[in-house]
Amino acid sequence: GERVERMEDCREYEQEIALKDLLFHVLYRWRSVILAALALCALWGGYAIWYNTAVLPEKKAEVQEALEEQAEMRELLQAREQGQEPPADQEQAAVLLRAQEQGLTAEQAGKKVEELKTQLEGLKERGPVRHFAVGFAVGLFGMAFCYGAGYLFSDRLRGERELRERYGYQILGGFPGAERKRFLGSIDKFLERLEGTGKRPSEEEACRIAAVNMTNLTGNGGTFLVTGTVGQERLQGFVDSVIQYLREDMALVAGDDMNVTADTLETLAECDGVILVEQRGKSLRRQIHREHESIAALGKTVVGYVVIYGK
């Protein structure tokens, strides 16, 4: 019973973490969310202004003209039903003739008059401010929903815990991605503090942390393959940065993505262990799983993995 309870607590914790990751996945894209909201706001508000200035006057004029004609028909039909002489005016005679051709009675013409009055009263201006607000809200929540759906159905690596939860690998450390100066970057910094990732070590300190973890986990040293789905240049950069902090009996060999590189598979067969380097939000789960299968097939040990952060 206690074990089942711990498993349930773990599932609830993982669910809370997943919801938190989903929330921040959307928040980090606040620029495009707001841009889409402003675009739809301008489009919807502009439509209201165009409707008020171009469409509404024409519609009102059409309904008003039809209303006046029906009112005239009603009066002429009433006069005819009361036995009055036909109108001498040619325009009125033409109106009465059209009413007779349509088979209208004075009562039917009266009903049409009331319908047209109601229709005319319903033709009102559309408030631009209201439309601006509705457009902004729809754009904001619509874009947030799209990003949320994309996150849920994405095959990309979500966070540093994922490989530990899936395969039991040890995390060796996290490295900051290439920072770009972005408009209102202080908001991104604020979001990082909220997420709890604002205080990351420097690149040098991250290398030292990874080296210490590798040393502690490898024990007797050996030759270790550093590979992943992040590209050869980044893998070699990681090796060059970390190797200076390792013991002399430890050697690192950078190997490009083993899913597409035969040389890496040959190195895998000869190495004493594997260190994976993956990027959050970029590396694909299916490719990582293929790496896992290739490593397991040769009975090699995964010392751990390194996560490169990037939005």
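Ion pairing between Arg166 and Glu162 holds under the 4.0 Å rule for side-chain N and carboxylate O. Note on Asp188 versus Arg31: salt bridge recorded, some NZ/NE/NH1/NH2 to OD/OE distance being below 4.0 Å.
Side-chain contact annotation: Thr215 with Tyr245, donor-acceptor N/O pair under 3.5 Å absent.
Looking at Arg208, its side chain never comes within 3.5 Å of a backbone N or O of Glu203 through a donor-acceptor pair. Although no hydrogens or angles enter the test, the distance criterion places a donor-acceptor pair under 3.5 Å between the side chain of Thr105 and the main chain of Gln108. Put simply, the side chain of Ser202 gets close to the backbone of Glu205: a donor and an acceptor are under 3.5 Å apart. The backbone N or O of Gly222 sits nowhere less than 3.5 Å from a side-chain atom of Asp272 that would complete a donor-acceptor pair.
Annotation: ring pair (Phe, Tyr, Trp, His ring centres under 6.0 Å) contacts of Phe141 (sequence neighbours excluded): none. For Gln236, the side-chain contact (heavy atoms from CB on, under 4.5 Å) criterion is met by Gln232, Val239, Asp240, Ala254, not counting sequence neighbours.
The number of heavy atoms from other shown groups lying within 6.0 Å of CZ (Arg285) is above 12. Around CD of Gln84, the count of heavy atoms belonging to other residues, nucleotides or ligands within 6.0 Å exceeds 12. Other residues, nucleotides and ligands place more than 12 heavy atoms under 6.0 Å from the CD atom of Gln100. Atom CD of Gln64 has more than 12 heavy atoms from other residues, nucleotides or ligands within 6.0 Å. Surrounding CD of Glu91 are at most 12 heavy atoms belonging to other residues, nucleotides or ligands under 6.0 Å away. With a 6.0 Å radius and a threshold of 12 heavy atoms from other residues, nucleotides or ligands, Glu293 has its CD atom above the threshold.
Aromatic ring centres of Phe175 and Phe238 lie closer together than 6.0 Å.
Between Tyr47 and Tyr51, the ring planes are tilted. Angles from 30° to 60° get that label.
For the side-chain hydrogen bond (donor to acceptor under 3.5 Å, both in side chains) with Thr229, the qualifying choice from Glu291, Gln279, Glu278, Arg290 is Glu278, the only one to do so.
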